[in-house]
Each structure stands twice: as C-alpha cells, then as structure tokens.
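One structure is given below, encoded as structure tokens.
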Amino acid sequence: MLRPEVPGVLAADQAVQTGRAIAATQLASGAIPWFTGGHVDPWDHVESAMALSATGLLAEAERAYEWLRATQRADGSWPLQVRDGRVEDAGADTNFCAYPAVGVWHHLLISGDDGFAERMWPVVRAAIDFVLTAQRERGEVDWAIGESGTPTGEALLSGCSSIHHSLRCALALAEHLDQPQPGWEVALGRLGHVLRHHPEAFTPKTRYSMDWYYPVLGGALRGEAGRERLFERWSDFVVDGLGVRCVDDHPWVTGAETCELVLSLEAVDEYDRARELLAAMQHLRDPDGSYWTGLVFTDNKRWPVEQSTWTAGAVILAADALSRATPGNGIFRGEKLPTGLPIENTTCCELVSGA
C-alpha cells in the first residue's frame, strides 16, 4: 500500500513518522487520547485511528476500533469525555457518536477486511440509531443527548454537517454488508436538505471557521455551491503562509482546521489552494513527527502547548486526499458514498413557513 505523500510538502516517510507519533500515545486499552495524559473522546479518537490506517499501522488502528466496541454503552453511545478509563463527562455528543461510522468504512476501504466490517457493524448500527433519536422533524440533529436521554434542543451546523458525512459512510457499510437501512436513507435526505436550505435551524456560530467550511467537508454542499461558500469568507479566516484561524476575531491559526479546509478544497477540485494550505501549516510540525495544535501568530507562540493526536490525524488525511495514495483517500470526496433519498421542496419547508 502506498503511503500519503505530497511532494515538497510531506514525504511518505514523514507521514509514517506522524502515524507512529500517534501510535506512541495509544493506551494499552486501545484508546487514543488527545495527547499523552489527555482525555479521550470518540470523534478525535476515530480521526487518529484513521491516520493509523492510512499510514499502514493497521493493527494499531484495529485496537482503536476494538476500544470503541468494548466501551460502547447499551444505548449505542459513548461518553463525551473519558480519562484513564474514568468517565469525566457522561453526556453524549451526537456528532461524536456518529463518527465511528466514518472510521470503520475508511478502515474497510484500506484493509479490505470483511471480518473487521462484520465485527464493527453492530457498533455502527447501534450508534447511528442512537444519533437519529435526536433528529427533529425538519431534519437537523440536536448536538447532544443528556444522561436523562433528553436531547439539548440545540442543533449546530458543523456537527450536523459531520453527521451528514457519517450517515453516508454508515449507509455505504450497510450496503456492503447487505444490511439495508431505508430509515437512514430518509434521515440523510432530510439532514442534507436542512443543511442546504435552512440556516435558521442552527445556532449561529459564525465566528468559528468550522461553521464556514463544514457544510462542504461533510458533503452537503459540493461543486460550484461549495466553492462559493469557501470563497465567501476566505479573507476572514485564511492567513497567508500560516493556515486557518480557528475563530475570525483572534490571531490564532490551528492545524486541524487548516487540514479540514484542505480536505474541503480538494473535494471541490481546488487542488492548488489545498496544497498551498497544507504546506503553510507545516510550521506546526515537530521533529518527532507530531503536530502542535496551533500558533498565536502575533507573538509567534504555540498555543495551547500540546501536540494533539487529532491534529496529526488531520494532516495525514489531508495528505492522503491530495496524493490519492491509499484506497481510503476519497472518503471526504464522497467516493462510493450514498446520497440518501432526495428530499427537496417538501413539507419540511412548510414547517418553517407555517403553510
């Protein structure tokens, strides 16, 4: 298997070194914390596991997925935050709980291991069913479900965009295993519709770059509509030669957001801009192959002072998309992913208008 490599930006041996840096933080349980001594959450754990798969560390990646299988709760969820095996926040983030579907599909694409897919299918099925208990009639999904089982009553654009991608991957896995899920197809269609047409459904978080590019990254917007969205606020977030601001009103660029924008750009055929951004954020690379989370560029200080596994994971996934090296390189382009049932101009719009 080829390794991610972007000439002049990231060599294949550097990508493997980054994968090994992530693996070095992995606990005996298989969990991958944010950094050594840090906490674990399902989303960032999966992002890191995907980088392990992409750099050929398949055994380590499978240990990470086994941790998910071992720690999933009876309702299909995972705690929002765990440290050293102790639950620090027992709530459930719906986006976090949906994301294992992306990782499982990605690992299957790379490994070709149907036995792995069959072992993980009940995990993915239970997680997606749990997440969809928080979907509203219009299509948006509340961002969290409390310990009482009650959704928050608040939907977030970035989280729902990521769930959109997770649902597509879950459906791809279901089709591969001949486990049709028509209810998921309807849910995906409704979610895609609300992401494209109903910004009022989401709590405004416009100062965050994630709310800017995530509808593209998650696949709800593509083609010219996706490019228009990315160019609309380009000057608000992109800092030439450094990367992408996390928020538009602070002089702070972050590696993970930069690499997610790289993936978004690559998905709408803006390869040159994507490559430039991946090159720009390499100032965050440490000699050991890990990546610092961010930089406050007004005083040239790294902040927070941590080398986050999920930042390193995002770098590897961006490099793989650009180099098209592994069989999983097209996962954020939506290659081979179902689109769900098309639901446009339907009664969900009438719910908003009161018609």
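Model, not experiment: these values are computed from the prediction. Scope of the values below: all heavy atoms of this structure, side chains included, with no hydrogens, waters or symmetry mates.
If you check the side chains of Trp34 and Asp41, you find a donor sitting under 3.5 Å from an acceptor. If you check the side chains of Glu257 and Ser209, you find no donor sitting under 3.5 Å from an acceptor. Side chains of Asp129 and Trp184: a donor on one and an acceptor on the other come within 3.5 Å. A donor atom on one side chain and an acceptor atom on the other are not found under 3.5 Å apart for Gln179 and Arg125.
At distances below 3.5 Å, not a single donor-acceptor pair connects side-chain atoms of Arg73 with backbone N or O atoms of Thr71. Judged by distance alone, with hydrogens and angles left aside, the side-chain atoms of Arg3 form a donor-acceptor pair with the main-chain N or O of Thr55 at under 3.5 Å. Side-chain atoms of His283 come within 3.5 Å of backbone N or O of Leu242 as a donor-acceptor pair. A donor-acceptor pair is defined here as one N or O able to donate and one able to accept, closer than 3.5 Å; no such pair exists between the side chain of Trp43 and the backbone of Tyr99. Between the side chain of Thr152 and the backbone N or O of Glu154 there is at least one donor-acceptor pair closer than 3.5 Å. In this structure a side-chain-to-backbone donor-acceptor pair under 3.5 Å is missing from Asp84 to Arg86. The backbone N or O of Val123 lies less than 3.5 Å from a partner atom in the side chain of Gln72, making a donor-acceptor pair.
Taking the charged nitrogens against the carboxylate oxygens, Lys205 and Asp211 have no contact shorter than 4.0 Å, which rules out a salt bridge. A salt bridge links Glu66 with Arg69: the distance from a Lys NZ or Arg NE/NH1/NH2 to an Asp or Glu carboxylate oxygen falls below 4.0 Å. Of the charged side-chain nitrogens involved, none lies within less than 4.0 Å of a carboxylate oxygen, so that Lys336 and Glu175 do not count as a salt-bridged pair.
Interatomic distance, Ser53 OG to Phe116 CZ, rounded to the nearest 0.5 Å: 7.0 Å. Rounded to the nearest 0.5 angstrom, Leu317 CG and Glu266 CD are separated by 12.0 Å. Atoms CZ and CH2, on Arg302 and Trp292 in that order, are 6.0 Å from each other to the nearest 0.5 Å. Taken to the nearest 0.5 Å, the CG atom of Leu108 stands 7.5 Å off from the CG atom of Asp113. Rounding to the nearest 0.5 Å gives a distance of 10.5 Å between CG of Asp286 and CG of Leu284.
Hydrophobic clustering, with ILVMFWY side chains joined whenever heavy atoms are under 4.5 angstrom apart, groups Leu10 together with Leu263. Under a hydrophobic-cluster definition in which Ile, Leu, Val, Met, Phe, Trp and Tyr are linked whenever side-chain heavy atoms come within less than 4.5 Å, directly or via other members, Leu295 and Met210 are assigned to the same cluster. By the rule that hydrophobic residues join a cluster once side-chain heavy atoms approach within less than 4.5 Å of another member, Trp234 and Phe237 end up as members of one cluster.
Note: His165 and Phe332 meet the aromatic proximity criterion, with ring centroids under 6.0 Å apart.
Residue pairs meeting the side chain to side chain donor-acceptor pair (under 3.5 Å) criterion with at least one member in residues 12-22, sequence neighbours excluded: Gln17-Arg285, Thr18-Arg285.
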Could you walk me through whether Leu261 and Trp212 pass the side-chain contact (heavy atoms from CB on, under 4.5 Å) check? CA-CA 9 Å; Leu261 180 57; Trp212 163 50; 3.6 Å; yes

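Taking the six-membered ring where the residue is Trp, Trp67 and His45 present tilted rings, their angle falling between 30° and 60°. Ring geometry for Trp252 against Trp303 counts as perpendicular: the plane angle is over 60°, on a 0 to 90° scale with 30° as the lower cut.
By the 6.0 Å contact criterion, CH2 on Trp310 is enclosed, its count of non-hydrogen atoms from other residues, nucleotides or ligands being greater than 12.
Considering only residues two or more places apart in sequence or on other chains, Val268 meets the side chain to side chain contact (heavy atoms under 4.5 Å, CB included) condition with Val216, Arg222, Arg227, Leu230, Glu270.
Under the 4.5 angstrom side-chain criterion for Ile, Leu, Val, Met, Phe, Trp and Tyr, the cluster partners of Val247 are Tyr208.
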